[in-house]
Each structure stands twice: as C-alpha cells, then as structure tokens.
Asks: 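The structure follows.
Chain A is the first sequence line, chain B the second, and so forth, proteins listed ahead of strands; every chain is numbered from 1. Heavy-atom basis, side chains included; hydrogens, waters and symmetry copies ignored.
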Amino acid sequence: MAAEERADQSRNQLPQFMYNWKLHGIVLVLVIIAEFIGLHTFQVGPGTVLLLPMLYALVIGIFLGPRFLKVASEKDMEDASPLITLSVLILVAKLGTNVGPNLPIIIESGVPLLLQEFGNLGTLLIGMPVAVLLGFKRESIGATFSQAREGSLAIIGDYYGLDGPEGRGVLGVYIFGTVLGAIYNGIMGGFVASLGIFHPYAVGMASGIGSASMMSAASGGAAAALPEFADEILSFAATSNLLTSATGLYVMIFISIPLAERYYKFLSRDTGEEESTEA
Amino acid sequence: MKASQAIFVMVIVSAITVIGNWLFTDLEINPINALPGMAILALIAFLGWALSEATGRALPPIVFVSLLGIIATTPWTPGSEWVLAQTTGVEFLATTTPVLAYAGISIGRDIDKFTAMGWRILVVGAVVLTGTFICSAAIAHVTMNLLGMT
C-alpha cells in the first residue's frame with residue numbers, strides 16, 4: 001500500500017532533520033507572530049468568521065519558501081515534514097485529556113447518539129464523488145475522509161504525510177472549516193432545523209462534529225430556528241461533540257481511511273482518472 | 001528513529017508550545033507554570049510513540065497517544081484530578097500552532113499545487129460539512145424512531 005511505503009520513507013529519513021535549529025527557530029518566530037496577532041472573530045450576516053493563530057502560522061509558513069519570502073530553504077521544507085508527525089502527537093495527547101473527564105457522559109449517551117457518529121461517513125459518501133468530479137486526484141482522500149479537524153491532520157500526516165496530495169486535500173478543507181466552518185454550519189444548522197424533516201433532537205446530535213466552534217454555531221442556528229427545543233438541541237449537540245472527539249479518531253483510522261482508499265479506487269476507475277497526481 | 005531522538009523533538013516542540021501558550025493566554029500562564037502540564041502531555045506523546053514502535057507499528061502512534069491521554073484523565077483514574085489541573089494550563093489551540101507552522105513550511109514546497117485547489121476545495125469543504133450534518137441527523141432520526149424515542 002502506498003501509505004505504508006510513504007510512512008517507511010519518512011521513518012528511514014536521516015535523523016538530522018531534528019537538529020535543524022534554523023527550522024525550529026523559524027517555527028518559534030512563526031508561533032510568536034501568530035499568537036501575537038491572536039484570535040479574531042467578526043460577524044458576517046448571521047454568522048461568525050473565525051481567525052485563529054494556527055491559521056496565520058500555516059499561511060505565513062507556506063510562503064516562507066525560496067520562491068517567495070526566501071526564509072526557508074529546500075532542506076528546511078524537507079526537514080519539516082517528519083517533525084509534523086512527531087509534534088502532532090502532543091496535540092493528540094491534549095485532545096485525549098479533553099476526552100477523559102467526560103468519559104462517563106459519553107458512555108451513558110445512548111444508542112441514537114452513538115450510532116449517529118457513523119453519519120460522519122457521510123462526508124466520504126457524498127463528498128468524494130464531488131471532489132473527484134471537480135478533478136481532484138488523491139487530494140480527494142484527504143479532503144473527504146473526515147470533517148478535517150486536528151485529529152484528521154494527525155492521521156493524514158501519519159499515513160501519507162501532510163506534504164503529499166492527501167495532505168493538501170485535508171489542509172484545504174481544514175482551512176475552510178477553521179475560517180468559514182462556524183458561519184457555514186450556523187446557517188446550515190438553522191436551515192436544516194427549519195425544514196422540519198428531522199426530529200429536533202436529531203438535528204442537535206448532528207451539530208456535534210468534533211469542533212467546539214462549529215458545534216456552537218450549528219446548534220445555535222438550530223436552536224434559534226426551533227426555540228421551543230433550544231435546551232435539548234444544545235445539550236445533545238454538546239454531548240455529541242464530546243462523543244465525536246472521543247470516537248472520531250478511531251472511526252477515521254479503522255473505517256474512514258480504508259473505506260476512502262477503496263471508494264477512491266472505485267470512483268477514479270469510473271471516471272478513468274489516473275491514480276495519483278504525484279509526478 | 002531512536003527514543004532519545006523522539007524525546008529531543010518532544011522537548012523542542014514543548015518549549016515552543018509553552019512560549020506560544022504564554023502569549024495565547026495573554027501572559028497569564030507563563031512557561032514555568034505551564035511546565036508540569038506540558039511535561040505530562042509530552043510524556044503521554046512519547047509513551048504513545050514508544051508503544052507504537054514497540055508493537056512494530058501495529059497501530060499508528062496517534063491511537064496509543066489518544067488512549068493514554070484518555071486513560072490518564074478519566075474520573076476513575078487515581079490522580080487524574082492532579083493531571084487535569086496541570087494539563088488545563090496548556091491550551092488546546094496553543095498546541096495546534098507549532099504543528100501548523102511545521103506543516104506550512106513543509107507544504108510550501110508544493111505551493112502551486114496547493115493554491116491550484118482554489119475555489120474547488122471550498123466547494124468540497126462545504127459538501128463535506130453538509131454531508132456529515134445530513135447523514136448524522138438522518139441516522140439519529142431513524143434510530144430514535146426505531147427505538148420509539150420521539
């Protein structure tokens with residue numbers, strides 16, 4: 001499998017990458033700049049646009065290369081790749097410590113709440129055909145196997161590397177979700193709730209997709225559309241969000257990634273596309 | 001990679017993270033105060049990495065790291081209150097910034113391919129969020145009906 005070869009490659013890379021002090025220095029400066037700019041939100045119509053420090057770090061980082069700001073060399077950019085896989089583990093540890101205290105609530109959450117977690121596979125079923133139709137190759141896998149939150153970055157980084165096509169896909173949707181996820185989900189939550197197709201509790205549960213800002217926006221929109229169920233919607237959304245942050249990683253690793261690989265092979269054969277965009 | 005090398009990287013990233021955390025919290029939690037929590041997170045990350053290596057990478061390190069993080073903080077785990085009191089000093093968003101900085105530098109190599117995704121990735125992003133929402137709502141709705149909960 002291509003994924004394993006890639007993982008082997010990054011593991012067998014010369015360990016010198018970690019002693020690239022210039023690279024660590026650049027990252028420190030990026031972090032300082034990003035945190036200094038800080039978190040900014042602004043209202044657009046009914047929703048909120050969110051700008052987070054990590055976004056500035058990512059975007060400035062992208063333009064540091066030889067072609068633009070000429071701060072990072074080819075070697076720095078190469079050395080950065082294996083460091084993502086290691087540094088992301090600290091982020092995953094933090095995610096875990098956010099889940100632990102809520103384990104009792106999660107265990108007691110009941111069948112519908114548990115089962116709707118599999119609704120997250122809907123990203124794949126509906127999203128991937130759209131991605132393939134739009135001309136994406138293996139980017140489709142990263143872009144549509146999940147809702148592209150931090151855990152998704154960790155998984156794609158580990159399996160394929162974030163600097164490959166799958167990494168571009170997941171980072172693209174991650175940026176979209178980070179900046180516009182709250183406003184988009186807020187509008188969608190309210191709209192879907194007002195259609196009256198789904199039970200209000202079901203809409204509440206669907207609002208929890210493993211991101212606090214998107215969950216608040218979606219359930220807030222739904223609660224505003226159905227004020228008589230507001231309390232239940234908000235509490236189901238919060239519980240579902242906890243559940244996603246607990247189970248999401250495992251669903252992605254054991255179901256979404258293998259399914260995405262097969263589904264992509266099936267769809268790309270269908271449209272006669274090449275298997276990989278890698279030159 | 002050797003264990004000593006993994007530890008080396010964890011120490012560097014932790015140092016960057018506590019500085020970022022300091023600024024993120026508006027200078028409220030300085031690097032010294034964040035140190036115990038940071039050390040715990042780095043230790044969990046390292047142990048998870050080591051477990052994955054020890055089992056021949058039967059499962060990716062993220063699985064072990066996540067499990068260890070959960071186990072360390074359940075209400076049933078002795079001492080979890082202390083662990084939590086320390087780790088809450090390190091903000092989640094502060095742990096994401098260094099990772100995304102490394103990621104940004106790394107994908108700068110293929111900047112053309114990245115920007116070439118353009119508007120199409122926005123469409124995919126919107127479909128992804130809609131797909132999750134509709135499918136989750138549909139499953140929850142049907143299950144509630146089947147169980148007679150409505």
Asks: Say you draw a straight line from CG of A:L30 to CD1 of B:I105; how long is it, rounded to the nearest 0.5 Å?
Replies: 5.0 Å

Asks: Given side chains that start at C-beta, do those of B:S136 and A:I209 come closer than 4.5 Å, heavy atoms only?
Replies: no

Asks: Sort A:L162 into side chain, backbone, both or neither according to what part of it lies under 4.5 angstrom from a heavy atom of chain B.
Replies: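 When you check distances to chain B, atoms from both the backbone and side chain of A:L162 fall under 4.5 Å.
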
Asks: Please rank B:T95, B:I71, B:L146, B:I44 by heavy-atom pairs under 4.5 Å with chain A and give me the top one.
Replies: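 Heavy-atom pairs under 4.5 Å are most numerous for B:T95.
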
Asks: Under a 4.5 Å heavy-atom cut-off, does chain B meet the side chain of A:A34, its backbone, both or neither?
Replies: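 Contact with chain B is through the side chain of A:A34 alone.
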
Asks: Is it true that B:R109 and A:D76 have a side-chain N and a carboxylate O under 4.0 angstrom from each other?
Replies: no

Asks: Nearest 0.5 angstrom please: B:L41 CG to A:L91 CG, how far?
Replies: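 It comes to 10.0 Å.
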
Asks: Tell me which of these, A:K94, A:M214, A:M128, has more heavy-atom pairs under 4.5 Å with chain B than the rest.
Replies: A:K94

Asks: Is A:L153 close to chain B through its backbone or its side chain, or both, or neither, when contacts mean heavy atoms under 4.5 Å?
Replies: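 Only the side chain of A:L153 comes within 4.5 Å of chain B.
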
Asks: Which answer fits A:I107, side chain, backbone, both or neither, if we ask what part of it has an atom under 4.5 Å from a heavy atom of chain B?
Replies: side chain

Asks: Side chain, backbone, both or neither: which part of A:S207 has a non-hydrogen atom closer than 4.5 Å to chain B?
Replies: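 The answer is both parts of A:S207.
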
Asks: Just so I know, are the side chains of B:S106 and A:M77 near enough to count as touching, which here means a heavy-atom distance under 4.5 Å?
Replies: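 B:S106 vs A:M77: side chains apart.
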
Asks: Can you find a side-chain donor-acceptor pair between A:Y250 and B:S66 that sits under 3.5 Å?
Replies: yes

Asks: Which of parallel (below 30°), tilted (30 to 60°) and perpendicular (above 60°) describes A:H199 and B:H141?
Replies: tilted

Asks: Side chain, backbone, both or neither: which part of A:Q147 has a heavy atom under 4.5 Å from chain B?
Replies: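 For A:Q147, backbone and side chain are both near chain B.
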
Asks: Tell me, for A:L249 versus chain B, whether the close heavy atoms (under 4.5 Å) come from the side chain, the backbone, both or neither.
Replies: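 The side chain, not the backbone.
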
Asks: Taking every non-hydrogen pair under 4.5 Å, which of A:T144, A:L64, A:I90, A:V27 racks up the most with chain B?
Replies: A:V27

Asks: CD1 of B:I107 to OG of A:S81: how many Å apart, nearest 0.5 Å?
Replies: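 Reported to 0.5 Å precision, the distance equals 10.5 Å.
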
Asks: Below 4.5 Å, heavy atoms only, C-beta onward: do A:L89 and B:F46 meet side chain to side chain?
Replies: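 A side-chain contact is absent here, since even the closest heavy-atom pair is not under 4.5 Å.
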
Asks: May I have the step-by-step check of side-chain contact (heavy atoms from CB on, under 4.5 Å) for A:F17 and B:Q5, ending in yes or no?
Replies: CA-CA 10 Å; A:F17 66 83; B:Q5 296 171 327; over 6 Å; no

Asks: Between atom CD1 of A:I126 and atom CZ of B:F133, what is the distance when rounded to the nearest 0.5 Å?
Replies: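 Here the interatomic distance stands at 12.5 Å.
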
Asks: How many angstroms lie between CG in B:L23 and CD1 in A:I33, if you round to the nearest 0.5 Å?
Replies: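 The distance works out to 11.0 Å.
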
Asks: For A:Y184, which atoms come within 4.5 Å of any heavy atom of chain B: side chain, backbone, both, or neither?
Replies: side chain

Asks: Return the CD1 to CD1 distance between A:I155 and B:I62, rounded to the nearest 0.5 Å.
Replies: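 With rounding to 0.5 Å, CD1 (A:I155) is 4.5 Å from CD1 (B:I62).
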
Asks: Does a side-chain heavy-atom distance below 4.5 Å link A:M188 with B:I134?
Replies: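 Contact flag for A:M188/B:I134 side chains = no.
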
Asks: Within a strict 4.5 Å, meaning less than it, do heavy atoms of the B:V128 and A:F176 side chains meet?
Replies: no

Asks: For A:Y56, which atoms come within 4.5 Å of any heavy atom of chain B: side chain, backbone, both, or neither?
Replies: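 Neither part; nothing is under 4.5 Å.
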
Asks: Sort A:A131 into side chain, backbone, both or neither according to what part of it lies under 4.5 angstrom from a heavy atom of chain B.
Replies: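 Both backbone and side chain.
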
Asks: Decide whether A:Q116 and B:T143 meet the rule of one side-chain donor and one side-chain acceptor closer than 3.5 Å.
Replies: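 Side-chain D/A pair, A:Q116 to B:T143: absent.
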
Asks: Given the side-chain rings of A:W21 and B:F8, with only the six-membered ring counted for Trp, is the space between their centroids under 6.0 Å?
Replies: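 Ring centres of B:F8 and A:W21 closer than 6.0 Å.
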
Asks: Between B:Y102 and A:H24, is any pair of side-chain heavy atoms under 4.5 Å apart?
Replies: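 In short, these two side chains touch, coming nearer than 4.5 Å.
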
Asks: For B:V124 and A:A143, which heavy atoms make the closest approach, and how far apart are they?
Replies: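 Nearest pair, atom of B:V124 first, then A:A143: CG1-CB, 3.9 Å.
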
Asks: Side chain from CB out, backbone as N, CA, C, O: work out which of these in A:A218 comes under 4.5 Å of a heavy atom of chain B, or both, or neither.
Replies: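 Contact with chain B involves the side chain of A:A218 alone.
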
Asks: Could you walk me through whether A:E150 and B:F92 satisfy the side-chain contact (heavy atoms from CB on, under 4.5 Å) test, starting with their C-alpha distance in whole Å, then the side-chain angles of each, then the deciding distance to 0.1 Å, before giving a yes or no?
Replies: CA-CA 10 Å; A:E150 287 78 12; B:F92 172 65; 3.6 Å; yes

Asks: Where on A:F236 is there a heavy atom nearer than 4.5 Å to chain B: the side chain, the backbone, both, or neither?
Replies: neither

Asks: Pick one of side chain, backbone, both or neither for A:I60, based on which atoms fall under 4.5 Å of a heavy atom in chain B.
Replies: neither

Asks: Does any part of the side chain of A:I62, heavy atoms only, come nearer than 4.5 Å to the side chain of B:T115, both counted from C-beta?
Replies: no

Asks: Using a cut-off of under 4.5 Å on heavy-atom pairs, state which of A:L114, A:V130, A:V88, A:L86 scores highest against chain B.
Replies: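 Option with the greatest count: A:L86.
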
Asks: Out of A:P101, A:G127, A:G204, which one racks up the most heavy-atom pairs below 4.5 Å with chain B?
Replies: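 Among A:P101, A:G127, A:G204, the one with the most close pairs to chain B is A:P101.
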
Asks: Where does A:I175 contact chain B at under 4.5 Å (heavy atoms): side chain, backbone, both or neither?
Replies: side chain

Asks: Would you mind checking which part of B:V123 comes under 4.5 Å of any heavy atom in chain A, side chain (CB onward), backbone (N, CA, C, O), both or neither?
Replies: side chain

Asks: Compare all side-chain heavy atoms of B:P60 with those of A:I253 and state whether any distance is below 4.5 angstrom.
Replies: yes

